[in-house]
Every structure is written in C-alpha cells, then in structure tokens.
Protein chains: 2
Amino acid sequence: MSELDRLVIMKLSNGVEWALHSCVTLSQSREPVPAARLAELHGTPPAYLAKHLQALSRAGIVRSRAGQVGGYELTRPAAQISALEVVRAIDGDGPAYRCTEIRQRGPLAVPAERCERPCAIARAMAAAEDAWADALRRVTIADLAARIDADSEGTAMAAVSRWLAATR
Amino acid sequence: MSELDRLVIMKLSNGVEWALHSCVTLSQSREPVPAARLAELHGTPPAYLAKHLQALSRAGIVRSRAGQVGGYELTRPAAQISALEVVRAIDGDGPAYRCTEIRQRGPLAVPAERCERPCAIARAMAAAEDAWADALRRVTIADLAARIDADSEGTAMAAVSRWLAATR
DNA sequence: TAGAACTCGGATAAAGACTGTCCGAGATCA
DNA sequence: TGATCTCGGACAGTCTTTATCCGAGTTCTA
C-alpha cells in the first residue's frame, strides 16, 4: 500500500464504489442481472461483489430473483433511489463521529442530568455529517447515469444495455 | 461490541473526540499541559492520548515542550484553529471515498485518454465531502469552547482553568 | 556544574474490521 | 420430476486501529 493511501483514514468501504456502479448498470436493464455478470462488467471479485449486493437487497434497494433467469434488479425507478441510500446500505447508517461522553468522566465530570443535550463538539460534528448526507441525498442513481452518459457523449449507457442484452 | 456500534462503519477514529476536547482544554491554559494531565482530566488512556497529541504536534496545531515544566500548548489563538484542522491531523487529510477507476476495467473499459475528468460518481462523492469539510472549517476551537461554556451556564471553562492551575 | 526527575517520541504487541472465498438452500425451467 | 442456475450465509487472510512500553532529550535543583 502506498504512502499516500496511508493518509486516508476516514475511509469508506471500497464496496461503495462497486455498489454505486452496479446500481447505475442495473438502471439500464429491465431484466434481472446476475451478480457474476455485474462482476465481469466491472472487473471485480464476483463473490465479494455478491456480498455487497446482498446488503443492497436487505436495504430494499434491489430485489433478488433466484433460478435460471434470476439476478438482481432495482426495486424502484432509478430517479427514486438516492446515492445516500446506497452508501448507507453498504457502509452503515450510523454517524461517523461517536461521542463517548468524556465530559461525564474525570475529576470535572458533568452530572448526567445536565447532559440532556449532546456535547457542543458532537453537535458540530453531527452538523457536518448532515451537510454530507444532504449532498448525497440530492443525487439519484438516474442523475449519476445521466452524467456518466454525458461524459461519454451519450455512448456509455447504450453500450451497457447492448452488452447486457448480448451476453444473456 | 454492541449491535448498534456495528452499524457504524464510516467511522472516524476515536481519537478525534479526545483531540478536540484536548484542544479546547489547552485553549484555557497559558502554560504547557502534560499529556498525562490531559488524560487524567478526560479519563482516557494516557499513552494513547499522547500518541494523538504527537499527531497534532506534527500538524503544527500544538507545540511540545520537554522537561519538568513541559507539556503541550496551542501554537495559535484558539480562534485561528478550525475543527477541520484537528480532525484532519488525527484522521488523515485524504478523501474518504477513493475512486479505483473501475470504468477503465472490464469488457467496456473506457480508454485512459478519455478519463481526464474524474468519474461522475467520484465527483458526487467529492462534492459531499467538500460540504462536510466546509461545515467543520467554519467552526473554531474558540467557538467550541464558548458553546461548551454556554451549555454549562458559564462555569465549565472557569472550572478547567482552576483545575489546571491547582494541580500543577 | 553535576545529578535527578520529568517530559516527549518512536518502536513494539493485541484486537477488530475489511477483504476475499467457499459451499449449501432455494427456485426456475425443461 | 430432475437438472441447472441463482442467491444466501458461514468461513479464513490481511490490514488498520487500538493500546502500551521504554529510551532520548530537557529542565530544575543542589
């Protein structure tokens, strides 16, 4: 691992990237897509990607179908799925900053009855995370698909649809 | 570990909380405060807190003084130190989301020469992190100290100053 | 000026999380 | 009814985080 990567500590699971790309891909298919197909398209370990897709399934973002024509498909239109939902499904929906209430410890401990409100530090950290969540809440899978398509001058999504149809 | 903590994945190092509280405490002292004293006040493991204080020292937020009257002190007025600086010093200054360029892999790989711009997904994630950072950049250590003092009806910071002076 | 005590700093182990993989249960189609 | 394909949860390896210790340097005191 490079020295530059070492500086990255508040890290999101790598699976977040795979899950977002998978959702964009699924938005281009009307039929279920097997996990192995998604893994091949994205160049990721098949079994590990399947694990993350299971998390999306538990979160109600995708639906799984078993059997010969099975696979994963979105449960809702892509315009109704926010990036925040996907990130939280993979990476957990709890706050990144956890206040352990150290103000209630030590020689100057504050009595519990005066700690109804969260600590001022916890409030500031929570406000920052709210800003982060709001930014992701405003972006939908449909938005991401449209932007990726625009970056490729309108060829990327069509190519995905073709590939999915051709390899089934 | 409780089941609730398991849902928290995009986590910040626990030391972020200690570092922020330590900076607030240091803002109330004109003389250096030893790491062991800070650990006692906050009820944290002394050796581990010292490790985080070293990170603050490397980041130029605090200055260390060795010897009998040594300890840590802020290098600047608390109003000139943002919460973001402290968080980045402890938790790393890199982005939480790392794009591994999976668009350049697989059967539909995009040629490298057409990937000058970051992926649309990476752009969305970066925008969210910028919003998070901006929120923390606007809060200074002096702001946090003032809010904590207000929460205690103006008694907390005075108590800290008294305790620091009495135990030296 | 020499000694002693106190401080920081980096190097050193243990625990937990993420990464990666496998095989069994269930469902669909022929 | 059988065979094939799929998902789903259970099973190790590696890495980061947590926690701790002792040595190097500095300051005060005698």
Side-chain angles (χ1 to χ4, degrees), chain A residues 1-19 22 26 31-40 42-59 62-73 90-92 94 96 98 100 167-168, chain B residues 1-3 5-19 22 26 31-40 43-59 62-73 90-92 94 96-98 100 102 167-168:
Chain A
M1 174 167 282
S2 72
E3 187 58 32
L4 196 145
D5 289 340
R6 175 151 304 211
L7 297 175
V8 181
I9 310 289
M10 188 190 91
K11 73 175 174 209
L12 271 62
S13 167
N14 200 319
V16 170
E17 183 184 11
W18 304 350
S22 294
L26 290 178
E31 299 174 1
V33 181
R37 207 65 47 88
L38 287 171
E40 181 189 358
H42 297 116
T44 62
Y48 194 27
L49 177 62
K51 192 175 180 61
H52 290 306
L53 290 172
Q54 291 169 26
L56 293 181
S57 178
R58 278 192 295 269
V62 303
R63 171 184 20 251
S64 65
R65 268 191 71 174
Q68 278 183 324
V69 295
Y72 289 96
E73 59 187 348
I90 301 298
D91 230 51
R98 291 165 295 154
T100 60
T167 56
R168 167 152 287 281
Chain B
M1 172 169 280
S2 73
E3 187 58 31
D5 288 340
R6 175 151 304 212
L7 298 175
V8 181
I9 309 290
M10 188 191 89
K11 72 174 176 211
L12 271 64
S13 167
N14 201 320
V16 169
E17 183 183 11
W18 304 351
S22 293
L26 289 178
E31 300 174 0
V33 181
R37 206 65 47 88
L38 287 171
E40 180 189 358
T44 61
Y48 194 28
L49 176 63
K51 190 173 182 59
H52 290 306
L53 290 172
Q54 290 170 26
L56 293 181
S57 178
R58 279 191 295 268
V62 303
R63 170 182 24 246
S64 65
R65 268 193 70 174
Q68 277 185 324
V69 295
Y72 290 95
E73 60 188 345
I90 301 298
D91 230 51
Y97 178 87
R98 290 163 297 155
T100 60
I102 71 177
T167 55
R168 167 153 288 279

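All chains are named by letter (A, B, ...) in the order of the sequence lines, taking the proteins before the strands, and each is independently numbered beginning at 1.
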OP1 or OP2 of C:dG10 less than 4.0 angstrom from a side-chain nitrogen or oxygen of B:Gln54, does that happen here?
yes
Of the candidates D:dT20, C:dT28, C:dT7, the side chain of B:Pro34 sits closest to C:dT7
**Prompt:** Would one find a side-chain N or O of A:Ser57 under 4.0 angstrom from OP1 or OP2 of D:dC7?
**Reply:** no
Assert: residue with more 5' nearest nucleotide on DNA chain D, out of A:Lys51 and A:Ala66, is A:Ala66
- [ ] Report yes if some heavy atom in the side chain of A:Val69 is under 4.5 Å from a heavy atom in the side chain of A:Pro32; otherwise report no.
- [x] no
Taken to the nearest whole Å, CZ/A:Arg65 to C1'/C:dT28 is 8 Å
Which of D:dT18, C:dG9, C:dT28 is nearest the side chain of B:Asn14? It is D:dT18
Base, sugar-phosphate, or nothing for B:Gly71, non-hydrogen atoms under 4.0 angstrom? sugar-phosphate
Practice item. Pick base, sugar-phosphate or nothing for B:Ala36, based on heavy-atom distances below 4.0 Å to the nucleic acid. Key: nothing
- May I ask you to evaluate whether A:Ser13 reaches the phosphate of C:dT19, defined as a side-chain N or O under 4.0 Å from OP1 or OP2? yes
Whole-Å distance, A:Glu73 CD to D:dC7 P, equals 11 Å
Rounded to whole Å, the NE2-C1' distance (B:His52 to D:dT20) equals 13 Å
When rounded to whole Å, the CZ to C1' distance for the pair B:Arg37 and C:dT7 reads 11 Å
From OH of A:Tyr72 across to P of C:dA27 the rounded distance in Å is 15 Å
Here the pair of heavy atoms bringing A:Gly70 nearest to A:Pro34 is O-CG, 3.8 Å
Exercise for review: Apply side chain to side chain contact (heavy atoms under 4.5 Å, CB included) to the pair B:Tyr97 and A:Glu17, showing each step before the final yes or no.
Suggested key: CA-CA 8 Å; B:Tyr97 178 87; A:Glu17 183 184 11; 3.1 Å; yes
What's the verdict on side chain to side chain contact (heavy atoms under 4.5 Å, CB included) for A:Ser57 and A:Arg63, showing C-alpha distance, side-chain angles and the deciding distance? CA-CA 6 Å; A:Ser57 178; A:Arg63 171 184 20 251; over 6 Å; no
| request: For A:Arg63, answer base if it contacts any base atom (sugar-phosphate contacts may also be present), sugar-phosphate if it contacts only those atoms, and nothing otherwise; contact means non-hydrogen atoms under 4.0 Å. | output: nothing
Original post:
Would you say A:Arg58 reaches D:dG9's phosphate, i.e. side-chain N/O to OP1/OP2 under 4.0 Å?
Top reply: yes
Is the phosphate of D:dT20, meaning OP1 or OP2, less than 4.0 Å from a side-chain N or O of B:Tyr48?
-> no
Here the distance between atom P of D:dT17 and atom CD of B:Glu17, to the nearest Å, is 18 Å
Report yes if a side-chain nitrogen or oxygen of A:Ser64 is closer than 4.0 Å to either non-bridging phosphate oxygen (OP1 or OP2) of D:dT6; otherwise report no. no
Whole-Å distance, B:Gln68 CD to C:dC6 P, equals 7 Å
Between A:Leu12 and B:Arg98 the two heavy atoms that sit nearest each other are O-NH2, 4.1 Å
Side-chain atoms of B:Trp18 come closest, of D:dA19, C:dT28, D:dC7, to D:dA19
When rounded to whole Å, the CZ to P distance for the pair A:Arg98 and D:dT17 reads 13 Å
Self-check item: side chain to side chain contact (heavy atoms under 4.5 Å, CB included) evaluation trace for A:Glu73 with A:Leu26
Solution: CA-CA 6 Å; A:Glu73 59 187 348; A:Leu26 290 178; 5.6 Å; no
